[in-house]
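These values consider heavy atoms only, across backbone and side chains, with no hydrogens, waters or symmetry-generated copies.
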Amino acid sequence: SGVYVGRPAKNEKDKIGVSAKGGTNGENHNHNDIGSYAVVLGNETISGDQGCAITYTRDWFENIAYKKYKSKGSYGHPVPFINNTAQKVGKEARGVELTSKFTNNTDTYKIDMLSAYNLPELSLLTRTFIYDRKNNTFVVTDILKSNEEVSFECAITTRANWKKISPNTLLLNKGGEKVYVQISCSVPFKIKDEVIEENAPAYTRIGIVCTDKVRSLKLTVQYSTKAP
């Protein structure tokens, strides 16, 4: 299924744990979320995939649900949303593993996400996860190249309290656990937040939205327990 799980060293305290998803969009309980991830600190899920509905409606399991419910489609997950286009459903949409390198200190997991989007103008779309146990960081990097200009946004999804403490830094706080998020992008961007509540406790989609259309970009989101 292409699932990566990164854990702190044994007996380490105040360390983040992470998970990330490759796989396909043709799996059971699929949410069209190749490249999704989660960041955990202590007993709290600080950021990432916020799960599914607690109570189900009849149409939740129909194909229309991917467009009707933001929390079931990729828009409500921490994955790219390109040219107002979400990921497509089906096994042909897959996260192709490019790199999987694991050591005691650092894990690197990289996937090709190009097939997840029905956008023939794209020539490159990769996502790289780097989990650094020594420095207690988790870095997610997206690289895009396109033959035409496209709009691009990604998201941080969370049920934590959050605030913007600098133009490119957020502080997430949940259950007494604090994580700093530093955003670096090769093009100008803005933060646009939205509360999503669909048959489950509300969560916030913190959009990282490129202000202009692009042909190429590099977006890096770093999670750390240390203040920048």
Least distance between heavy atoms, [X] atom then [Y] atom:
| X | Y | value |
| --- | --- | --- |
| Thr169 | Pro228 | CG2-CG, 3.8 Å |
| Asn32 | Lys88 | OD1-O, 3.5 Å |
| Ala93 | Ile34 | O-CD1, 3.2 Å |
| Pro80 | Phe152 | CB-CE1, 3.7 Å |
| Val89 | Glu92 | O-OE2, 3.4 Å |
| Gly17 | Pro8 | CA-CD, 4.3 Å |

Indicate yes or no for a side-chain donor-acceptor contact from [X] to the backbone of [Y] under 3.5 Å, with no hydrogens or angles considered.
| X | Y | answer |
| --- | --- | --- |
| Thr158 | Ile46 | yes |
| Tyr131 | Asn136 | no |
| Ser186 | Lys218 | yes |
| Arg127 | Lys110 | no |
| Thr157 | His77 | no |
| Glu177 | Lys174 | no |
| Ser74 | Asp33 | no |
| Thr103 | Thr106 | yes |
| Asn83 | Thr85 | no |
| Asn135 | Thr137 | no |

Hey, could you give me the [atom1]/[atom2] distance between [X] and [Y], rounded to the nearest 0.5 Å?
| X | Y | atom1 | atom2 | result |
| --- | --- | --- | --- | --- |
| Thr108 | Ile130 | OG1 | CD1 | 4.5 Å |
| Ile16 | Ser224 | CD1 | OG | 7.0 Å |
| Ile82 | Tyr117 | CD1 | OH | 5.0 Å |
| Leu172 | Trp162 | CG | CH2 | 9.0 Å |
| Ser100 | Asp107 | OG | CG | 10.0 Å |
| Leu217 | Asp142 | CG | CG | 7.5 Å |

Handout entry: Chi angles and distances behind the side-chain contact (heavy atoms from CB on, under 4.5 Å) call for Glu153, Arg205
Key = CA-CA 11 Å; Glu153 64 179 283; Arg205 181 187 188 272; 2.9 Å; yes

Are the side chains of [X] and [Y] in touch, meaning some heavy atoms are under 4.5 Å apart?
| X | Y | value |
| --- | --- | --- |
| Tyr109 | Glu97 | yes |
| Glu194 | Tyr203 | no |
| Glu44 | Lys178 | no |

Problem - side-chain contact (heavy atoms from CB on, under 4.5 Å) between Val150 and Leu119, intermediate numbers included - result: CA-CA 10 Å; Val150 294; Leu119 293 170; 5.9 Å; no

Practice task
Kindly determine whether Val214 and Ser146 satisfy side-chain contact (heavy atoms from CB on, under 4.5 Å), including the steps that lead there.
Solution key: CA-CA 8 Å; Val214 299; Ser146 176; over 6 Å; no

Starting from [Y], can I reach [X] by hopping between I/L/V/M/F/W/Y residues whose side chains sit under 4.5 Å apart?
| X | Y | result |
| --- | --- | --- |
| Phe189 | Val187 | yes |
| Leu114 | Leu144 | yes |
| Val209 | Ile143 | no |

Handout entry: Lys15, NZ: over 12 other non-hydrogen atoms inside 6.0 angstrom
Key = yes

Practice task
Could you tell me whether Asn147 atom CG has more than 12 heavy atoms of other residues or ligands within 6.0 Å of it?
Solution key: yes

Practice task
Could you tell me whether Tyr37 and Phe138 have their ring centroids closer than 6.0 angstrom?
Solution key: yes

Exercise for the section: Might you work through the side-chain contact (heavy atoms from CB on, under 4.5 Å) test for Ile208 and Val221, ending with a clear yes or no? Expected result: CA-CA 10 Å; Ile208 305 167; Val221 177; 3.9 Å; yes

Exercise for the section: Would you check, one step at a time, whether the test ring-ring contact (aromatic ring centres under 6.0 Å, His included) holds for Phe102 with Tyr4? Expected result: CA-CA 10 Å; Phe102 311 122; Tyr4 160 73; 5.7 Å; yes

Exercise for the section: Using the side-chain contact (heavy atoms from CB on, under 4.5 Å) rule, pick out the option among Ile156, Ile183, Asn168 that qualifies with Ile191. Expected result: Ile183

Problem - Under-4.0 Å salt bridge between Arg215 and Glu121 - result: no

